[in-house]
Protein chains: 2
Amino acid sequence: MVTIYDIAQHANVSAMTVSKVINNTGRISEQTRKRVKKVMEELNYIPNSNARSLVLQQTKILSLLITDITNPFYTSLARGAEDTAKRLGYRLLFGNSDEDYLKEQDYVDMVLSTRVDGVLFAPAGDQSLKNLEKLMAHKIPFVILDRAVPGIESDIVAGDSKEGARKLVDYLIELGHSRIALVNGSLEVSTARLRYQGYAESLKLQGIELDHELIIQKSYRDYKDGEYLNQLLSNPSPPTAIFAANNFLAVGVIRALRERGIRVPEDMSVVCFDDLDLSSALDPFLTVASQPAYLFGAMGMQLLVERIQGNSTPDIRKIILPSDLIIRSSAQALTSEYV
Amino acid sequence: MVTIYDIAQHANVSAMTVSKVINNTGRISEQTRKRVKKVMEELNYIPNSNARSLVLQQTKILSLLITDITNPFYTSLARGAEDTAKRLGYRLLFGNSDEDYLKEQDYVDMVLSTRVDGVLFAPAGDQSLKNLEKLMAHKIPFVILDRAVPGIESDIVAGDSKEGARKLVDYLIELGHSRIALVNGSLEVSTARLRYQGYAESLKLQGIELDHELIIQKSYRDYKDGEYLNQLLSNPSPPTAIFAANNFLAVGVIRALRERGIRVPEDMSVVCFDDLDLSSALDPFLTVASQPAYLFGAMGMQLLVERIQGNSTPDIRKIILPSDLIIRSSAQALTSEYV
DNA sequence: TTAAATAGGGTTACCGATAACCCTATTAAC
DNA sequence: GTTAATAGGGTTATCGGTAACCCTATTTAA
């Protein structure tokens with residue numbers, strides 16, 4: 001590999017002069033500058049950012065950790081983060097925790113040893129606390145995305161899960177439903193808790209009693225097994241609508257319903273959090289509370305870089321992005337079947 | 001940040017001894033080893049991989065470049081690559097070219113300055129040649145994914161685009177269609193060329209004349225504008241089926257058809273390359289030639305690491321993964337409307 | 001005319017880790 | 001009892017780049 005010393009030799013200057021040309025610092029005559037640049041091109045010089053990082057104590061690498069790279073919500077978020085990072089002159093190291101604390105921990109160690117300048121962190125859940133504390137202990141700036149973690153005070157970009165849930169459940173109630181099931185993620189995840197709260201509040205405000213028999217808890221990821229539906233359906237007074245706490249769970253619910261010969265929305269209404277992008281483009285079917293995923297990434301990155309460059313207030317900033325009720329056809333009025 | 005010198009001081013040994021403990025090299029007594037390890041834990045030591053990379057001349061970072069992070073094909077591929085990289089002890093730097101040669105070039109420069117050990121490269125198209133040559137000039141090992149680039153001889157993992165296209169078109173012909181349109185990606189992309197060839201061959205073998213009026217060329221990404229459909233539909237003898245060269249194009253085609261009040265499959269059959277994962281799970285609708293995306297990433301990564309570690313033959317390896325015809329309901333027999 | 005300022009560029013030490021080699025007590029061998 | 005091995009650990013140079021400081025010739029100001 002070509003180094004500044006090679007350039008220096010060919011251009012008949014010192015290595016320091018080459019460094020100055022590269023960084024546009026110091027005093028260099030136009031003549032030498034041109035000569036050096038020419039040699040750099042001829043030799044195809046590419047700076048070694050490891051060496052540079054070592055002395056500058058900054059890598060210009062940021063890192064983005066998401067919990068599921070196959071979920072369209074996170075890929076849109078990733079695109080927002082990447083676009084913004086690039087615009088601001090940073091490289092981006094991706095990581096995928098698969099909702100697994102151990103993978104997350106591995107990833108944190110890796111990130112620390114890479115000495116990244118900052119981390120955009122979508123936590124797997126409350127137990128991510130330990131991993132985030134590790135980042136803090138090493139003074140790595142980070143911004144949390146999507147899921148708050150109790151015990152951590154930091155910049156955060158999240159959605160309004162409670163409000164979104166309320167919108168969805170309100171909508172179902174408006175349609176005449178009162179037996180509404182909730183298929184939720186783990187309560188170790190803040191968004192699942194908030195969506196539960198939104199669900200509960202909405203019911204309460206409408207005078208509908210909360211029935212714990214109608215609440216299922218799963219993981220946001222394992223949507224394939226629809227076993228739990230049997231429990232819901234064998235209820236003496238089964239639900240007429242299901243609120244799935246995220247897109248994957250909704251897909252699981254709908255598949256499982258269809259396998260049992262239950263039609264959506266004719267026999268069962270289904271709504272969920274997070275849109276399905278391509279799916280919805282292909283077939284506008286699912287009624288959802290859609291979150292501006294791209295913005296999550298873009299704004300998070302913006303906050304992170306501001307924090308790193310020190311041109312943000314020391315105050316912690318919490319950005320809550322609204323979600324949007326998109327009414328399509330997976331839920332219908334309960335009375336319509338009698339029409 | 002804690003360094004080996006801090007550890008050395010606290011443990012009352014030299015920095016070299018610490019290094020030896022970390023790497024399990026040299027001769028160190030069990031006693032000192034334990035003492036050093038204890039200090040490392042107490043001080044929360046994390047090795048600086050930049051410093052290590054500098055002297056070892058290897059970073060243990062690999063890089064994955066894809067052309068569209070929102071396309072489920074590439075995210076599955078990415079997951080395969082990441083899982084495998086992790087298993088083999090490498091970190092992964094992601095990049096997203098958005099099918100743009102310039103972004104791709106930026107990314108190559110970044111990758112070079114990071115001194116990654118190797119690159120998994122899904123080229124934007126034939127003009128990626130220049131970017132790949134740059135990697136070669138700097139002796140960075142790489143494996144090409146998905147799209148061959150004329151002029152580059154390297155390890156590659158790709159799908160059997162011609163065969164997949166043939167299967168799809170054969171199937172349409174079997175269903176009685178003979179006016180079959182092709183909505184293709186840019187011919188600067190090898191997969192688009194091969195899918196065209198498969199299409200053409202299939203028609204020829206069945207004695208159907210190829211009609212250039214039925215062939216549309218777009219980019220794999222810009223599926224939103226359905227303008228071209230007007231051209232197809234105003235044909236004196238319009239198509240009864242459309243073969244879209246990838247999933248995004250198919251979504252665009254179907255949306256545009258529906259906007260025009262044309263039903264799929266009743267009025268128009270549609271098939272395409274690449275599955276839609278979640279979409280298909282939700283609603284098994286699109287008939288597709290599905291590629292094992294995860295395997296693309298996993299095998300590519302495997303090849304790359306073997307190449308880097310030098311335990312592969314010097315011969316170039318080309319792995320062609322088959323695609324699978326999945327018959328669902330977006331295409332139907334032409335005659336059925338007369339039934 | 002002379003001192004001070006400036007332009008243009010070089011020296012040196014250091015970032016954190018490792019390779020290659022060296023040194024000194026023990027221990028083993030004869 | 002002496003020599004050769006070996007265990008256990010230290011020294012030094014180096015990876016590629018940059019900060020801080022230094023040096024010298026020319027220019028500028030008085």
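A, B, ... follow the sequence lines: proteins, then strands. Residue 1 opens every chain.
Using a 4.0 Å cut-off on heavy atoms, the residues of residues 45-63 of chain B that approach DNA chain D are B:Leu54, B:Val55, B:Gln57, listed by number.
Protein atom CZ of B:Arg115 is 14 Å distant from nucleotide atom P of D:dC15, rounded to whole Å. Between the C1' atom of C:dA7 and the CZ atom of A:Arg33 lies a distance of 13 Å, rounded to the nearest Å. At whole-Å resolution of the value, CG in B:Asn24 and C1' in D:dG8 are 15 Å apart. The CG atom of B:Asn23 sits 17 Å away from the P atom of C:dG16 (whole-angstrom rounding). Taking atom CD1 of B:Ile4 as the reference point, atom P of D:dG9 lies 16 Å away to the nearest angstrom. C:dA17 atom P lies 8 Å from atom OH of B:Tyr5, rounded to whole Å. Atom CD1 in A:Ile22 sits about 10 Å away from atom C1' in D:dG16, given to the nearest Å. Between B:Met16 atom CE and C:dG16 atom P the separation is 17 Å, expressed in whole Å.
Looking at heavy-atom distances under 4.0 Å, A:Val18 makes no contact with the nucleic acid at all.
One finds no salt bridge joining B:Arg79 and B:Glu82 here, because no Lys/Arg side-chain nitrogen approaches an Asp/Glu carboxylate oxygen to under 4.0 Å. No salt bridge links B:Arg307 with B:Asp117; every basic N to acidic carboxylate O contact stays at or beyond 4.0 Å. A:Glu133 and A:Lys130 are not joined by a salt bridge, as no carboxylate oxygen comes within less than 4.0 angstrom of a charged side-chain nitrogen.
Side-chain N/O atoms of A:Arg91 and A:Ser49 include a donor and acceptor closer than 3.5 Å. In this structure, a donor-acceptor pair under 3.5 Å is present between the side chains of A:Tyr74 and A:Asp146.
Of the residues B:Arg221, B:Glu99, B:Glu104, the one that meets the side-chain hydrogen bond (donor to acceptor under 3.5 Å, both in side chains) test with B:Thr67 is B:Glu99. Each of A:Leu145, A:Ile144, A:Leu120, A:Asp155 was checked for a side chain to side chain contact (heavy atoms under 4.5 Å, CB included) with A:Leu303, and the lone residue meeting it is A:Asp155.
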With a cut-off of 3.5 Å and sequence neighbours excluded, list every side-chain donor-acceptor pair involving residues 6-17 of chain B.
| from | atom 1 | to | atom 2 | distance (Å) |
| --- | --- | --- | --- | --- |
| B:Asp6 | OD2 | B:Thr3 | N | 2.8 |
| B:His10 | ND1 | B:Asp6 | O | 3.0 |
| B:Ser14 | OG | B:Met16 | N | 3.4 |
| B:Ser14 | OG | B:Thr17 | N | 3.3 |
| B:Ser14 | OG | B:Thr17 | OG1 | 3.2 |

Fill in: Per-nucleotide protein contact string for nucleotides 21-28 of chain C, where B marks a base within reach and S marks sugar-phosphate only (heavy atoms under 4.0 Å, - for neither)
--------
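Between A:Thr3 and D:dG16 there is no side-chain N or O to OP1 or OP2 distance below 4.0 Å. Checking the phosphate oxygens (OP1, OP2) of C:dG9, a side-chain nitrogen or oxygen of A:Thr32 falls inside 4.0 Å. Phosphate contact (OP1/OP2 of D:dG8, side-chain N/O of B:Ser29, threshold under 4.0 Å): absent. Neither OP1 nor OP2 of D:dG17 sits under 4.0 Å from any side-chain N or O of A:Ser19.
For A:Lys37, the NZ atom counts as loosely surrounded, since its 6.0 Å shell holds 12 or fewer non-hydrogen atoms of other residues, nucleotides or ligands.
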